[in-house]
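Computed over heavy atoms, backbone and side chain alike; hydrogens, waters and symmetry mates excluded.
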Amino acid sequence: MLLFLILLPILGAAVAFLLSNGRPRKIVLAGTSFIHLIGVVSIWKFSPAAWFHGFLGMDVLGRLILTVVSILFAAVSFYLWGYLKEEEERSNRVFVTSLLLFLSAMTLVTMARHMGLLWIAIEATTLFSAPLINFTRSPQSVEAMWKYLLICSVGIAMALLGTLFLAVSAAGTGTVLLDVLLDHATLFSVPWLKLSVIFLFVGYGTKMGLAPMHTWLPDAHSEAPSPVSALLSGVLLNCAFLGILRVFQICAAAGQTAFAQDLLLVMGLLSLAVASIFVIGQTDYKRMFAYSSVENMGILAIGIGLGGVGLYGSLFHAVNNAFAKGMVFLVTGNLYRIYQSKKVNDVKGLLAGHPVTGIFLAMGFLAVTGIPPFGTFYSELMILNAAIRSGHFWVAFFYVLFLALIFIGIAGSVLKMLRGDTGEQAGGPQAKKEDIGSIIPILLLGLIVLMLGLYMPSFLDNALKGSSTLLGGG
Amino acid sequence: MLLELALIAIVFLGIVILGSSRLRTIIHLFALQSFILSATPLLIYPGVHALVMMTAVLILKVLVMPVFLFWAIRHVSIRREAKPLIGYGKTLVFGGLLVGAAFFLSSKLEVPFREVSNLLVPASFSVIMIGFLLLVSRLKAITQVIGYLVMENGIFLFALLLLDRTPLLVEMGIFLDIFVAVLVMGIVINHINEEYDDTNTLHLTTLRD
């Protein structure tokens with residue numbers, strides 16, 4: 001089953017590459033993502049056995065992330081149906097092929113039980129997602145792709161070095177299989193372990209968009225086509241987060257939790273600070289939401305750094321944020337289609353002119369900034385709770401301060417876009433109808449975040465509890 | 001003894017790359033460095049594993065990548081590195097300092113098992129730092145890619161410490177990833193060239209806050 005989920009998108013990619021026509025390729029994309037989703041759901045029913053000498057396996061944490069990946073990917077591929085129709089004059093061969101390979105690489109990340117294999121999978125996600133950014137072939141998107149490739153490759157090279165350091169530290173075990181490492185963690189050489197943790201956090205942190213290694217993120221996420229931004233922000237960052245969680249798991253087993261936590265707290269707070277500085281007065285709405293991704297990744301790091309309830313809160317926030325970010329970037333796709341501009345100032349009177357997109361934007365904004373009743377509010381609250389309970393009052397203070405600043409910053413721009421009258425634009429080329437294909441995926445993702453705020457399904461609760469136990473929490 | 005000589009040659013070649021401005025020379029030097037690198041696994045642990053590693057390095061880093069890089073510079077017709085941000089002389093001095101720092105750093109770290117040569121760790125750190133310096137101090141996209149590759153050579157040296165402990169499959173995966181990375185970067189360089197008629201990354205500054 002595990003191997004099937006990895007090979008299926010590769011097979012789909014091969015078919016998509018060989019097809020000469022754009023339309024059947026879209027069917028392959030939609031079909032593959034749908035079957036993938038069914039496969040992932042079935043994993044919850046029957047837990048598959050480990051594969052390939054323990055290199056591949058599925059624990060509760062990997063399954064949680066994989067489910068989020070698969071749901072969001074299915075929603076995005078549904079959205080892409082209409083998007084690719086509009087971009088029909090461009091060949092989508094490379095685009096669809098890379099997209100499916102990207103799905104396969106992300107699936108592999110969630111299943112890797114070997115730190116070397118995990119590294120390979122995370123690097124592969126970078127390589128397959130890079131061509132996606134450059135779909136429109138504009139000078140800006142070329143620049144964004146170059147920065148993304150170079151900075152993430154260097155970051156990932158650091159992570160490779162960190163993995164090697166980890167192997168030196170665990171020299172006694174003679175392998176870096178996760179399960180073996182966790183069993184023998186107490187025998188590790190501590191200086192090498194600490195060095196490896198620094199390198200791995202910096203490496204995977206670059207991919208996750210934690211400050212100060214976040215510089216590629218606003219460029220890549222704002223220049224990519226919106227459905228791709230939704231995937232990058234929603235699930236790719238979570239895959240890198242999983243890499244950090246695996247390292248944290250090892251640290252916890254080796255009794256070095258405090259060291260890893262301090263590192264994560266510093267990186268997390270720095271990310272919040274950077275996001276709050278750049279979100280205020282941001283003139284490009286996609287960039288603004290990209291900085292909101294930096295913020296949310298910072299929140300995840302802080303949650304893990306605090307431990308205790310923070311672990312549960314952080315994992316819950318990862319789930320919430322994936323859907324909220326996916327939703328908001330799909331909304332920006334609709335906005336761009338209507339106004340053909342990414343500037344906040346070009347968008348006026350959205351509620352009056354395009355009420356559906358307007359309401360979605362308002363919903364998405366409330367969801368990403370963590371306002372009740374959305375799920376993000378509760379997960380952010382849990383992390384605050386963890387900060388106060390563990391006596392990190394300064395962390396709690398800055399956490400609330402930065403979140404408030406970011407909320408004000410985004411609210412200012414979003415209100416500007418929503419209010420006012422459309423007078424000058426009426427009748428122009430912007431008066432495009434909002435078609436159903438671009439609305440349903442957004443509505444679906446929005447409802448998921450809303451539902452997570454109102455009701456916690458027991459299977460999710462169990463998965464979150466199980467995952468935080470893996471990370472050394474109660 | 002032979003191993004030590006090879007390691008010194010690898011670090012030395014790294015420093016020579018730092019001082020070169022002609023792109024063809026830089027690629028030749030990189031290929032030479034990788035050629036010496038390919039012999040090191042065999043010098044440490046003669047065996048099948050080492051032979052496979054040697055072949056992989058020879059094919060990918062000595063043959064395919066240099067040929068590909070030559071193709072890329074011919075395609076975008078550039079010969080020389082643009083005037084770098086920091087002068088060549090200063091970069092060299094800085095590179096020397098980094099090598100010193102690498103030796104100092106590795107003297108502080110004790111490897112928890114018996115090493116084949118106590119030069120291996122400092123040499124690997126030196127090459128990684130030299131590669132990184134090349135990557136951040138040069139402007140042409142193609143030199144930055146070579147900087148990345150030099151960094152990877154350094155990481156490869158470090159991986160030799162663990163040669164008899166890691167499965168071959170993982171190493172192959174890592175090779176494949178690096179290879180694809182360079183391939184994708186080469187394609188991007190072409191895109192940059194199409195958009196700007198030049199591969200100077202100083203042009204890539206429209207995206208900022």
> In terms of heavy-atom proximity below 4.5 Å to chain B, should Ile156(A) be classed as side chain, backbone, both, or neither?
Replying inline: neither
>> Distance check, rounded to the nearest 0.5 Å: Ile155(B) atom CD1 versus Met158(A) atom CE?
In response: 8.0 Å
>> Can you confirm whether Phe113(B) is buried at CZ, in the sense that more than 12 heavy atoms of other residues, nucleotides or ligands lie under 6.0 Å from that atom?
In response: yes
> Checking Asn134(A) against chain B: side chain, backbone, both or neither under 4.5 Å from a heavy atom?
Replying inline: side chain
>> Counting neighbours of CZ on Arg137(A) that are heavy atoms of other residues, nucleotides or ligands and sit closer than 6.0 Å, is the number greater than 12?
In response: no
>> Given heavy-atom pairs under 4.5 angstrom as the criterion, report whether the side chain, backbone, both or neither of Tyr291(A) touches chain B.
In response: side chain
> What's the spacing between Leu164(A) CG and Leu161(B) CG if we round to 0.5 Å?
Replying inline: 9.0 Å
> Is it true that atom CZ of Phe35(B) has more than 12 heavy atoms of other residues, nucleotides or ligands lying nearer than 6.0 Å?
Replying inline: no
> So does Phe94(B) have more than 12 non-hydrogen atoms from other groups sitting under 6.0 Å from CZ?
Replying inline: no
>> I'd like to verify something: which residue of Val145(B), Ile189(B), Leu162(B) has the highest number of heavy-atom pairs under 4.5 Å with chain A?
In response: Leu162(B)
>> Please identify, among Gly281(A), Ala167(A), Pro218(A), Ser153(A), the residue contributing the most non-hydrogen atom pairs under 4.5 Å to chain B.
In response: Ser153(A)
> Does OH in Tyr45(B) sit with more than 12 non-hydrogen atoms of other residues, nucleotides or ligands closer than 6.0 Å?
Replying inline: yes
> Mind checking whether Leu160(A) and Glu152(B) have side chains closer than 4.5 Å, heavy atoms only?
Replying inline: yes
>> Under 4.5 Å from any heavy atom of chain A, what part of Met185(B) do you find: side chain, backbone, both or neither?
In response: both
> With a cut-off of 6.0 Å (strictly less than), are more than 12 heavy atoms of other residues, nucleotides or ligands near CD of Glu110(B)?
Replying inline: no
>> Under a 4.5 Å cutoff for heavy-atom pairs, which residue among Thr175(A), Thr215(A), Val154(A), Thr283(A) has the most contacts with chain B?
In response: Val154(A)
> For atom OH of Tyr148(B), is the number of surrounding heavy atoms from other residues, nucleotides or ligands below 6.0 Å larger than 12?
Replying inline: yes
>> Between Arg287(A) and chain B, with a heavy-atom cut-off of 4.5 Å, which part of the residue counts as in contact: side chain, backbone, both or neither?
In response: side chain
> So which part of Phe125(B) gets closer than 4.5 Å to some heavy atom of chain A, the side chain, the backbone, both or neither?
Replying inline: side chain
>> Counting only non-hydrogen atoms closer than 4.5 Å, can you tell me which residues of residues 186-194 of chain A sit against chain B?
In response: Ser189(A), Trp192(A)
> Arg138(B): what forms a salt bridge (Lys or Arg N to Asp or Glu O under 4.0 Å) with it, not counting sequence neighbours?
Replying inline: none
> Got a sec: does the CZ of Phe70(B) have more than 12 other heavy atoms crowding it under 6.0 Å?
Replying inline: yes
